[in-house]
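All remarks here apply to the structure that follows.
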Protein chains: 2
Amino acid sequence: MTARRKTVSDDKPLAEGLARQLEQEIIDGVIRPGDELDERRLAERFGVSRTPIREALRRLGVERLIELRPRRSAIVRSLTAQNLAQMFEVLSGLESFAVECAARRMNQQQIEQLRSIHEETAAIVDAGDRNGFDRLNFQFHQAIYRGAGNPYLMEQLEGLRTKLAPYRRWLLRRLDRMRQSHNEHAMILEAIEAGEGARAATEMRRHICDPDRLVDFMMMEQTER
Amino acid sequence: MTARRKTVSDDKPLAEGLARQLEQEIIDGVIRPGDELDERRLAERFGVSRTPIREALRRLGVERLIELRPRRSAIVRSLTAQNLAQMFEVLSGLESFAVECAARRMNQQQIEQLRSIHEETAAIVDAGDRNGFDRLNFQFHQAIYRGAGNPYLMEQLEGLRTKLAPYRRWLLRRLDRMRQSHNEHAMILEAIEAGEGARAATEMRRHICDPDRLVDFMMMEQTER
DNA sequence: AACTACGGTTTGGTATACCAGATTTAATAT
DNA sequence: ATATTAAATCTGGTATACCAAACCGTAGTT
């Protein structure tokens with residue numbers, strides 16, 4: 001029934017694409033917090049069956065974007081400024097822990113690689129290349145994850161970062177934080193090179209963002225609308 | 001086909017139970033790392049259809065117990081001592097972060113509640129009541145999660161703790177750590193009452209377990225078999 | 001004998017049908 | 001008129017059937 005959109009042979013699980021699309025709509029506010037996500041309606045809307053829709057909803061549930069209730073429709077979670085700030089706070093906790101591990105465990109070669117990423121970034125900042133900055137920024141953090149020598153920690157961090165990426169990009173653009181971010185990276189790198197894990201952790205926590213200030217900022221945004 | 005085991009009206013999603021059962025078998029080594037998990041075979045074995053089996057496998061995938069490969073059977077991940085130690089290390093990172101937040105944010109009433117849980121534990125330890133200790137131990141940590149004032153952090157911690165619970169119980173039993181654990185709780189509580197977040201965090205990290213010593217211990221276990 | 005090509009088998013991905021819990025609505029009794 | 005309950009309906013949970021991709025084995029060619 002209902003024409004298959006693409007021969008069904010997309011090479012990638014259908015559910016993943018559906019999840020991303022729904023995620024985008026939730027973030028964009030097309031689907032609002034509290035809205036019910038009826039499996040049949042969604043299936044009809046996307047021209048697929050309920051099975052991949054259920055899959056997609058489970059994924060969004062894991063990502064805490066929606067709430068799955070037994071025998072009830074799933075509903076979109078309210079993503080308030082506070083909620084978001086809490087997620088960033090957890091990210092800052094994990095990142096600072098990672099950098100603390102990294103400062104203790106990175107070898108000389110890894111530290112040099114981190115430094116080279118950092119120095120490469122300098123030119124990008126001067127040029128005001130936002131996309132380039134995003135890319136190198138990610139590399140800088142990822143080099144630290146690797147340096148922490150804990151693959152599970154790395155997975156958790158990458159997952160959380162991916163989840164928060166859209167919001168972070170939005171924040172960074174609004175704040176035009178490129179230069180400051182680069183300076184903060186310098187402090188972190190310096191602490192790592194000195195082998196001072198605790199200082200690196202503190203700097204990282206500050207870097208990911210002061211949660212209190214974040215809440216203030218986002219609330220302003222909310223009322224501004 | 002195949003007789004329904006219990007009228008199907010268990011009030012709880014079938015998949016959850018299946019996931020727990022498979023999890024236990026993986027932990028117990030009945031299903032070994034590298035083994036393929038065929039959906040049809042599992043469905044037949046448990047007397048259910050493939051649908052809840054798939055659900056269960058997804059859950060185990062999220063928990064990193066198995067690896068889901070597109071168009072291939074899922075296989076059991078190798079859960080080495082190092083892997084486990086890495087997860088415990090992440091737990092220690094999150095716990096110490098939580099207790100640091102809690103030390104800054106708990107109000108007087110919350111601190112008193114934490115202390116009362118701690119003091120109630122003392123009698124249990126003297127009596128050598130392991131189950132009672134497990135329960136109060138969980139309450140102690142949960143009171144700290146709540147005190148951290150970050151529901152998202154609490155969710156993450158409870159999830160990770162649930163995942164690691166079987167291993168932790170096993171470790172605690174083997175090590176007979178009840179009394180030492182209680183003493184460590186005392187140190188943490190003291191730091192919280194003094195409002196010294198950093199010290200509380202350090203103590204917590206030590207409490208969850210020294211990852212290096214954990215690896216040593218578990219490797220001994222492995223060769224002992 | 002070794003390599004390639006083809007066909008069958010296995011197995012995950014998707015669609016559809018049915019069941020049971022939950023909600024809503026309407027009818028009946030007080 | 002209100003409250004209580006029963007029937008209809010909505011919706012998620014489960015079962016089954018079909019499709020296509022990946023794997024495996026065999027046969028045919030060089």
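The sequence lines fix the lettering, A, B, ..., with proteins before strands; numbering per chain opens at 1. Computed from a prediction, not measured in an experiment: that's the story for all the values here.
Not one side-chain nitrogen or oxygen of Thr51(B) sits closer than 4.0 Å to the OP1 or OP2 atom of dT14(D).
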- Task: Would you please test Gln113(A) and Met106(A) for side chain to side chain contact (heavy atoms under 4.5 Å, CB included) and show each step?
- Result: CA-CA 10 Å; Gln113(A) 193 183 349; Met106(A) 279 175 111; over 6 Å; no

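The pair Glu95(A)-Arg161(A) meets the salt-bridge criterion, with a side-chain N (NZ, NE, NH1 or NH2) lying under 4.0 Å from an Asp/Glu carboxylate O. Ionic pairing of Arg58(B) and Glu39(B) is not present here: no N-O contact between side-chain nitrogen and carboxylate oxygen is shorter than 4.0 angstrom. Using a cut-off of 4.0 Å between Lys/Arg side-chain N and Asp/Glu carboxylate O, Arg59(A) and Glu55(A) are scored as salt-bridged.
Look at CZ on Arg50(B): it is 18 Å from C1' on dC18(C), rounded to the nearest Å. Per the geometry, CD belonging to Glu55(A) stands 16 Å off P belonging to dG12(D), to the nearest Å. Leu57(A) has its CG atom 8 Å from the P atom of dG12(D), to the nearest Å. A straight line from CZ of Arg69(B) to C1' of dA21(D) spans 14 Å, rounded to a whole angstrom. Distance CD1 (Ile53(B)) to P (dT11(C)): 15 Å, rounded to an integer number of Å. Taking atom CZ of Arg54(A) as the reference point, atom P of dG13(C) lies 16 Å away to the nearest angstrom. Arg58(B) places its CZ atom 9 Å from the C1' atom of dG13(C), with the value rounded to the nearest Å.
In this structure, CG in Leu84(A) is found 6.5 Å from CG in Leu164(A), a value given to the nearest 0.5 Å. One finds the CG atom of Leu22(B) at 5.0 Å from the CD1 atom of Ile31(B) (value rounded to the nearest 0.5 Å).
Side-chain contact between Leu94(A) and Leu94(B) is present, with heavy atoms from C-beta onward closer than 4.5 Å.
A perpendicular orientation is assigned to the rings of His141(A) and His185(A), their planes being inclined by more than 60° (bins at 30° and 60°).
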Is there any protein nitrogen or oxygen under 3.5 Å from a nitrogen or oxygen in nucleotides 8-11 of chain D, and what are the pairs?
from    : atom 1 : to       : atom 2 : distance (Å)
dT11(D) : OP1    : Arg41(A) : NH2    : 3.2
dT11(D) : OP2    : Arg41(A) : NH2    : 3.2
dT11(D) : O5'    : Asp38(A) : OD1    : 3.2

- Item | Nucleotide-level pairing of DNA chain C, given in dot-bracket where Watson-Crick and G-U pairs need both distances under 3.5 Å and | marks other strands | ||||||||||||||||||||||||||||||

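The shortest non-hydrogen separation linking Phe133(A) to Ile124(A) is N-CG2, 3.5 Å.
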